[in-house]
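Okay, structure first, notes after.
The first residue in the sequence is number 1, and the count goes up from there. Reckoned from all heavy atoms, side chains included, excluding hydrogens, waters and symmetry mates.
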Amino acid sequence: MDTSCPVTPHHQEATFSKLKIASVKTLAESSNLTSIPSHYAYTTSASGDQAIHDDSIPVIDFSLLSSSNPDQRSKAVSDLAKACEDWGFFMLINHGVPESQMKATVEALMGFFNLTEEEKSEFEGKHVLDPIKYGTSFKASVDKVLLWRDFLKMMVHPKFHCPTKPEGLSKVLAEYSGALRKLVRELLKGISEGLGLEPGYIDEAMNMDSSLQILAANLYPACPQPELAMGLPSHSDYGLLTILMQNGVGGLEVYHDGKWVKADLIPNAFVVNTADQLEIMSNGKYKSVLHRAIVNNKAARLSIPFSTGPSPDTVVVPAKQLVDGEHNQATYISMNYKDYLEFKQSKVIDGKSYLNQAEGGEAVSIGGAGTRLRRRRLSSLDVAKC
């Protein structure tokens, strides 16, 4: 990114000294804000990273995936498998979640971000496994450069957690989470079949009855210098699948075939991406996809990711059916999902997660954007979401 534009110099940042530890929303709504404080100026050494439009982003029709017509369902399973293998990313249409429920969820979560700073601070958390966690940036207390976002994360399964404010939020989010829980289990059936496994393989192997599911909301306020700030840098997600809803404002970009692609919005569609545990379970056939969130100077963007992972105590390993002794050796070591999440807590967001290989000593490159797998020793695991 070009960082030649002026930012608020340090001697003028006294005005923002309190805002620095408050929300980006408060900062963005400051009447005298015409440039971003220097601690929000995000730089990258990447060259040629401007995103492009690509009409070939896969679109999956969920109504065909759940069809009673075997030919239609077989074609939908094949399309889903191709989307997961080629992109790790797709748009989901005709998913059955009512538009009214989607809008109600967006409005309810905006209601949370519109609470006072004092009210929102009641729900601040510090640990990745805190059941409710409100904050700003990624880890604002240690981040050298702050990200242009506020966030709320809630564990909604196997036990439902939600802030007590504003009134009605809990009911709306409980209903929305329940709808997506059913949706994701149907998607996982299709993904299992696409891998040549039984439809219920992932559900059983990942102990989905006790699945750890996290509903989050990321608020990216309008930014006076969007070319300098960053919503969320390049990262992969940590679970099996992430289902994303947005408020109609774009900003999501996905890394595909060596370039960044704008995830152009389709009205009322969900965005779905594969994540780290699915990469492990599929023995690398379905890679967890890199994505990032950029900001704009016109309108606030709200993204609402629903992350589905295994149960916390599940040890995730490659499916035996996808491993043989010659051509498809086990690529990843086994790891307890809870341990995976906790290891991440001390790491920064920096590209794709590093995943262990099962044996041997060399590092092996497995994908674009500098992704590497390191055998024996665990490196960096990121759990931020767009």
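A side-chain donor-acceptor contact under 3.5 Å links His291 and Asp237. Looking only at atom types and distance, the side chain of Glu279 has a donor-acceptor partner in the side chain of Ser288 under 3.5 Å away. Ser121 and Glu124 are not linked by any side-chain donor-acceptor pair at a separation below 3.5 angstrom, with hydrogens and angles left out of the test. For Asp264 and His53, the side-chain atoms include at least one donor-acceptor pair closer than 3.5 Å.
Checking side-chain atoms of Ser192 against main-chain N and O of Leu188 turns up a donor-acceptor pair under 3.5 Å. Looking at Thr105, its side chain does come within 3.5 Å of a backbone N or O of Gln101 through a donor-acceptor pair. In terms of modelled atom types and a separation under 3.5 Å, the side chain of Asn336 and the main chain of Asp339 share a donor-acceptor contact. One N or O on the side chain of Asp150 and one on the backbone of Val24 form a donor-acceptor pair closer than 3.5 Å. Looking only at distances, no side-chain donor or acceptor of Ser67 sits under 3.5 Å from a matching main-chain atom of Arg73. Between the His95 side chain and the Val97 main chain, a donor and an acceptor come within less than 3.5 Å of each other. Put simply, the side chain of Asn283 gets close to the backbone of Gln329: a donor and an acceptor are under 3.5 Å apart. A donor-acceptor pair under 3.5 Å links the side-chain atoms of Ser30 to the main chain of Thr26, judged by distance alone. Ser307 places no side-chain N or O within 3.5 Å of a backbone atom of Ile214 that could act as its donor or acceptor partner. Here the side chain of Gln277 pairs a donor or acceptor atom with the backbone of Tyr238 at under 3.5 angstrom.
Taking the centre of each ring, Tyr220 and Trp148 stay at or above the 6.0 Å mark. The aromatic ring centroids of Phe112 and Tyr134 lie less than 6.0 Å from each other.
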- With side-chain contact (heavy atoms from CB on, under 4.5 Å) as the test, would you mind laying out the steps for Val59 and Ile266 before giving the verdict? CA-CA 10 Å; Val59 178; Ile266 297 178; 4.0 Å; yes

- side-chain contact (heavy atoms from CB on, under 4.5 Å) assessment of Val156 paired with Arg181: CA-CA 10 Å; Val156 294; Arg181 189 168 303 120; 4.2 Å; yes

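Within a 6.0 Å radius of NZ in Lys259, other residues, nucleotides and ligands contribute more than 12 heavy atoms.
When Asn218, Leu173, Leu219 are each tested for a side-chain contact (heavy atoms from CB on, under 4.5 Å) with Leu109, only one passes: Leu173.
With Phe151 as the aromatic partner, Lys153 meets the cation-pi criteria of under 6.0 angstrom to the ring centre and within 45 degrees of the ring axis.
Side-chain heavy atoms closer than 4.5 Å link hydrophobic residues (I, L, V, M, F, W, Y) into clusters, and following such links, possibly through other members, connects Leu33 to Leu228.
The shortest distance between side-chain heavy atoms of Asp79 and Pro58 does not fall below 4.5 Å.
Taking each heavy atom of Leu278 and Leu240 in turn, the nearest pair found is CB-O, 3.5 Å.
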